[in-house]
Every structure is written in structure tokens, then in C-alpha cells.
Peer 1: 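Here it is, the structure in full.
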Amino acid sequence: MTQNTYLVVMAGGIGSRFWPFSRTNNPKQFHDVLGVGKSMLRLTVDRFAGICPPENVFVVTNRDYTELVQKHLPELQPDQILGEPIGRNTAPCIAYASYRIAQRDPNATIIVTPADHAVLKEDVFQDVIRQAVGAAQQNNVLITLGIQPSRPDTGYGYIQYMDEQKLGDTNLRKVKTFTEKPNLELAQMFVDSGDFLWNSGLFVWRADVIVQAFHQYLSDIAEVFDDGLPQLGTAQEEEFINEAYSRCRNISIDYGVMEKADNVYVLPADFGWSDLGTWDSLHRMGHHDADGNVVDGDAILYDTKECVIKTPSERLVVVQGLEGYIVAEYDNVLLICKRTEEQRVKDFVADVKSKKGAGYN
């Protein structure tokens with residue numbers, strides 16, 4: 001652990017693909033998705049214990065969720081929770097946190113992570129993070145972690161790397177291309193080629209390097225935060241951020257910086273990762289019974305296989321004759337849906353909102 005290592009947790013998303021469990025007023029990062037007694041946000045921060053001091057943890061979230069963040073992470077001081085007035089994708093989010101940290105510690109090395117990922121091999125994960133932090137401290141590079149693909153998944157972005165171009169004596173490889181969520185045929189080609197990795201959305205870099213990258217590739221966003229530097233960390237910060245986000249465009253860090261920069265390296269890794277973006281990803285990551293079901297709740301199953309059952313513990317659920325279904329109940333909404341049709345969940349949410357009002361989304 002070093003005093004110059006910082007963690008930025010991006011925790012502002014709604015996670016509508018996990019409806020009805022994930023709702024606008026209580027998104028999935030604040031839920032115990034894996035059924036282990038801790039929310040995704042709590043698990044995320046705990047994963048970095050020993051790597052980053054608690055006072056160096058920053059959470060960027062929607063202002064509506066700042067109290068939820070404080071509830072789940074009571075050890076954080078209020079100034080460690082950065083509230084966004086509106087969602088503007090990951091580039092403004094990362095700019096806000098990076099400028100704030102760079103102002104406090106010009107020698108900072110920053111780890112950026114989403115709040116809703118799962119990691120099964122935490123010891124391996126910590127070793128990989130330490131490698132990336134060491135490389136970022138010593139080199140002017142932007143590092144992303146790439147996951148060895150186990151299947152041609154069309155829900156992930158892919159990173160192609162140049163095996164012959166390493167960063168010194170490290171395991172980092174120079175990135176050649178990024179491809180966002182390919183079709184199945186292309187995803188299969190990527191997996192077969194052996195030089196593509198899943199894009200984990202985990203980043204490591206020095207504060208000065210990412211700020212310089214904003215100046216070079218997203219100069220409009222850099223200009224906004226350059227103007228507001230005197231207000232960051234003061235009583236005027238909230239007022240400045242309101243104005244800043246009204247000036248920032250909606251753009252991801254991948255599209256805005258990582259796909260354009262020539263100093264991007266990827267560290268291939270395998271630490272039992274999933275972004276837990278969908279019910280099907282929970283089925284892959286969860287503990288299976290003898291019939292391939294993942295159950296979190298008080299349930300009795302008959303002739304039921306390959307299902308995800310996630311229901312309130314105070315309600316007994318009896319399921320008979322289902323195969324490959326999602327059965328999920330939360331806050332007065334019950335969803336029963338084929339796992340193969342889970343991409344329609346967003347459509348369900350939109351229909352429910354139009355027909356039943358906003359109270360269910």
C-alpha cells in the first residue's frame with residue numbers, strides 16, 4: 001500500500017437490465033446481488049483493501065445516491081463522495097475524479113473501477129492490480145485490464161493487443177484496437193485468434209498522464225475542468241460541477257481517450273471476472289445446485305433446471321416445471337422471463353413506465 005495510490009469507484013448507473021431488482025431509486029450496486037451479505041459497492045471497495053488507503057477512496061455517483069453510498073460505505077468522509085448532477089457517461093466522471101485527485105496529490109496513481117463487477121479470485125486480482133499500479137507509476141501509459149475470454153460473448157467489448165510489443169519486462173501489451181460488442185460471428189473470430197481480450201472497464205494510470213490525455217483527446221472537457229480547478233475541494237465545488245456537467249458532452253472514456261491514444265497498454269488477466277450486467281451473467285457467476293439453478297431466496301423447486309431464482313427471503317416460492325427462466329421479485333414487482341429473452345427486460349421497463357407510471361422503474 002502506498003499513500004499515492006487512489007481508487008475511483010464509478011457508481012452512478014441505474015442497471016436497468018437487472019430490473020426489477022435494480023430500480024432508479026435503488027440501483028444494483030447497492031444490492032447484495034450475489035447473495036453473500038454485502039452490496040456490490042461494498043464488495044468493490046473491500047476488494048482493494050491493502051492496495052489503497054481508505055482515505056484515498058473516491059466514489060463518483062449521481063447526487064441522488066450520495067446518501068446510499070454513505071450508508072454502504074460509512075467510513076468515507078463526505079468529500080470522498082463526488083456527486084454528479086446528471087449522467088454524462090464515463091469520461092466526465094473520470095475527469096471530475098482525476099482533476100480532484102491531481103489537485104490533492106500531483107504524484108497520484110489512480111485505479112478506476114465500476115461498482116458492479118464480480119471477482120472470484122481476489123488474491124489473483126490484487127496481484128494484477130499491483131502489477132498495473134507499479135507499471136503506471138514508472139511509465140507514462142494508460143493501462144486497462146483485459147480478461148482472457150472463455151466464450152464468444154457479444155455483451156462485452158474486445159481489446160486486440162500486439163503480443164510482440166511489451167512494456168519493458170512487464171506483462172503489459174500494446175493495444176492495437178478496441179471493438180465494442182461485436183456480433184457472434186466476429187466474437188468467435190476474436191476468441192479463436194488468441195490475441196483479443198474482454199474489455200473489463202478497469203483502468204490504472206497516473207493522475208498527470210490521464211489529465212494530459214484529456215488535454216490531448218478531449219480538450220473541451222479538459223478546458224471545463226481547468227477553468228474550475230480553483231473551486232474543486234471548496235464550498236464552491238457543487239456550483240462549479242453543476243455548470244461543468246452542463247458543458248460536458250456525453251462520451252465514454254473508451255471512445256474519447258482509450259481508442260485514440262497511442263500510449264495504451266493492456267494487462268491480460270484471469271481472476272474470475274464478470275461485469276454482472278445481466279441476469280444471465282448472475283447465472284454464470286452464481287452457485288449452482290445439482291440442476292444448474294442459482295437460487296437466492298426461500299424456494300422449493302420441482303422439475304426445474306438452469307433457472308435464476310432471486311426472491312425476498314420472507315416469501316416462500318414454489319417453482320415447478322421451468323427450464324432456463326428468470327424468476328425475480330423485488331419491491332412489489334415479479335418478473336418471470338426466459339433467460340434467452342433477457343435482452344427484452346429494458347423493453348419491459350419502458351412498457352411498465354408508460355402503462356403503470358414511474359413508480360415501478
Side-chain angles (χ1 to χ4, degrees), residues 10 13 15-19 22 28 33-34 40 89-91 112-114 116-121 124-125 128 132 142-165 171-203 251-261 264-286 288 292 294 306-308 323-326 337-347:
M10 299 183 291
S16 59
R17 289 181 296 172
F18 247 117
W19 185 86
S22 185
K28 68 177 178 181
V33 174
L34 291 171
M40 297 303 297
N89 216 315
T90 53
V112 180
T113 180
D116 54 357
H117 288 186
V119 170
L120 296 181
K121 306 172 189 173
V124 176
F125 175 80
V128 169
L142 304 170
I143 297 171
T144 182
L145 301 190
I147 309 301
Q148 296 287 356
S150 58
R151 60 188 180 278
D153 199 305
T154 59
Y156 295 148
Y158 285 73
I159 300 170
Q160 185 181 25
Y161 63 91
M162 294 180 274
D163 197 39
E164 69 282 0
Q165 292 197 34
N171 290 324
L172 285 99
R173 304 319 204 262
K174 185 81 178 284
V175 170
K176 186 175 182 181
T177 61
F178 287 85
T179 303
E180 194 51 39
K181 297 181 180 177
N183 61 37
L184 184 59
E185 184 180 4
L186 198 54
Q188 186 66 62
M189 288 173 57
F190 288 169
V191 173
D192 292 343
S193 76
D195 60 356
F196 281 81
L197 304 165
W198 285 335
N199 186 356
S200 70
L202 284 152
F203 307 106
I251 187 169
S252 71
I253 195 72
D254 292 272
Y255 184 73
V257 173
M258 302 300 280
E259 293 183 16
K260 297 177 173 64
V264 178
Y265 284 79
V266 63
L267 181 55
D270 181 8
F271 39 74
W273 172 89
S274 171
D275 74 348
L276 280 183
T278 63
W279 285 108
D280 204 49
S281 64
L282 177 59
H283 185 266
R284 285 195 299 270
M285 292 292 290
H288 295 82
V294 172
E306 301 294 332
C307 289
V308 179
E323 182 170 351
Y325 269 78
I326 302 158
C337 171
K338 288 183 178 179
R339 277 177 46 213
T340 55
E341 297 291 320
E342 68 163 2
Q343 69 274 11
R344 297 179 62 189
V345 169
K346 283 193 172 185
D347 298 332

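Below, each value reflects all heavy atoms present in this structure, side chains not excepted, and no hydrogens, waters or symmetry copies.
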Peer 1: Going through the checks in order, is the side chain to side chain contact (heavy atoms under 4.5 Å, CB included) test met by H288 and V294?
Peer 2: CA-CA 5 Å; H288 295 82; V294 172; 3.8 Å; yes

Peer 1: Report yes if the side chains of D153 and R284 come closer than 4.5 Å at any heavy-atom pair, otherwise no.
Peer 2: yes

Peer 1: Which residues pass the side chain to side chain donor-acceptor pair (under 3.5 Å) test with R173, sequence neighbours left out?
Peer 2: D163

Peer 1: Roughly how far, to the nearest 0.5 Å, is the OH atom of Y158 from the CZ atom of F178?
Peer 2: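 Going from CZ on F178 over to OH on Y158, the span is 14.5 Å.
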
Peer 1: Which distance, rounded to the nearest 0.5 Å, do you find between the CZ of F203 and the CD1 of I143?
Peer 2: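 Between atom CZ of F203 and atom CD1 of I143 there are 12.0 Å.
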
Peer 1: Do L267 and L172 have side chains that approach each other closer than 4.5 Å (heavy atoms only, starting at C-beta)?
Peer 2: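 Result yes, sub-4.5 Å side-chain heavy-atom pair found.
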
Peer 1: Please check if atom NZ in K176 has more than 12 non-hydrogen atoms from other residues, nucleotides or ligands closer than 6.0 Å.
Peer 2: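 Atom NZ in K176 is not crowded, with 12 or fewer foreign heavy atoms closer than 6.0 Å.
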
Peer 1: List the residues meeting side chain to side chain contact (heavy atoms under 4.5 Å, CB included) with L186, not counting sequence neighbours, and say none if there are none.
Peer 2: P182, N183, M189, F190

Peer 1: About how many Å separate CD1 of I326 and SG of C337, when rounded to the nearest 0.5 Å?
Peer 2: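 Between C337 SG and I326 CD1, I get 4.5 Å after rounding to 0.5 Å.
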
Peer 1: Where the side chain of S200 meets the backbone of I147, is there a donor-acceptor pair that is under 3.5 Å apart?
Peer 2: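 It does not hold such a pair.
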
Peer 1: Using a 3.5 Å distance criterion without hydrogens, assess whether the side chain of H283 forms a donor-acceptor pair with backbone atoms of G292.
Peer 2: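 Yes, H283 side chain to G292 backbone: donor-acceptor pair under 3.5 Å.
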
Peer 1: With rounding to the nearest 0.5 Å, note down the distance linking CE in M258 to OG1 in T90.
Peer 2: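 Spacing of CE (M258) from OG1 (T90) equals 10.5 Å.
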
Peer 1: Cut-off 3.5 Å, side chains only: do S193 and D195 have a donor facing an acceptor?
Peer 2: yes

Peer 1: Taking the six-membered ring of Y255 as reference, does the NZ or CZ atom of K260 fall below 6.0 Å from its centre and within a 45° cone about the axis?
Peer 2: yes

Peer 1: What residues, two or more places apart in sequence or in another chain, satisfy side chain to side chain contact (heavy atoms under 4.5 Å, CB included) together with E323?
Peer 2: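 E323 satisfies side chain to side chain contact (heavy atoms under 4.5 Å, CB included) with K305 once adjacent residues are dropped.
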
Peer 1: Can you list the residues that meet the side chain to side chain contact (heavy atoms under 4.5 Å, CB included) rule with P152, with sequence neighbours excluded?
Peer 2: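 So P152 forms a side chain to side chain contact (heavy atoms under 4.5 Å, CB included) with L184, A187, Q188, V191.
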
Peer 1: List the residues meeting ring-ring contact (aromatic ring centres under 6.0 Å, His included) with W19, not counting sequence neighbours, and say none if there are none.
Peer 2: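 Scan of W19 (ring-ring contact (aromatic ring centres under 6.0 Å, His included), adjacent residues dropped) gives none.
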
Peer 1: What heavy-atom pair brings K28 and V33 nearest, and what distance separates the two atoms?
Peer 2: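 Looking at all heavy atoms of both residues, the closest pair is O-CG2, 3.7 Å.
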
Peer 1: I need the H117 NE2 to M285 CE distance, nearest 0.5 Å.
Peer 2: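 With rounding to 0.5 Å, NE2 (H117) is 10.5 Å from CE (M285).
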
Peer 1: Within the 4.5 Å heavy-atom criterion, are K121 and D270 side-chain neighbours or not?
Peer 2: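 SC-SC contact between K121 and D270 confirmed.
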
Peer 1: Are Q148 and L197 close enough that some pair of their side-chain heavy atoms sits under 4.5 Å apart?
Peer 2: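 Yes, close enough: below the 4.5 Å cut-off.
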
Peer 1: Using the side chain to side chain contact (heavy atoms under 4.5 Å, CB included) criterion, which residues pair with D347? Sequence neighbours excluded.
Peer 2: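 Partners of D347 under the side chain to side chain contact (heavy atoms under 4.5 Å, CB included) test: R344.
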
Peer 1: Test your reading of the model: is there a side-chain donor-acceptor pair from S274 to the backbone of V119, 3.5 Å cut-off?
Peer 2: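 No: the side chain of S274 does not pair with the backbone of V119.
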
Peer 1: Quick one: are F196 and T177 in side-chain contact, heavy atoms under 4.5 Å?
Peer 2: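 Of all side-chain heavy-atom pairs linking T177 with F196, at least one is under 4.5 Å.
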
Peer 1: How far apart are the closest heavy atoms of K346 and S16, and which atoms are they?
Peer 2: CE-OG, 3.2 Å

Peer 1: Please verify the inter-ring angle class for W273 with Y156; under 30° counts as parallel, over 60° as perpendicular, anything in between as tilted.
Peer 2: tilted

Peer 1: Quick check against the 3.5 Å criterion: does E342 have a side-chain atom that pairs as donor or acceptor with the backbone of D280?
Peer 2: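 Yes, the answer is positive, given that a donor and an acceptor are paired below the 3.5 Å cut-off.
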
Peer 1: Are any of the side-chain heavy atoms of F271 and L145 separated by less than 4.5 Å?
Peer 2: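 Result yes, sub-4.5 Å side-chain heavy-atom pair found.
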
Peer 1: Between CG of L276 and CG of L34, what distance do you get to the nearest 0.5 Å?
Peer 2: 5.5 Å

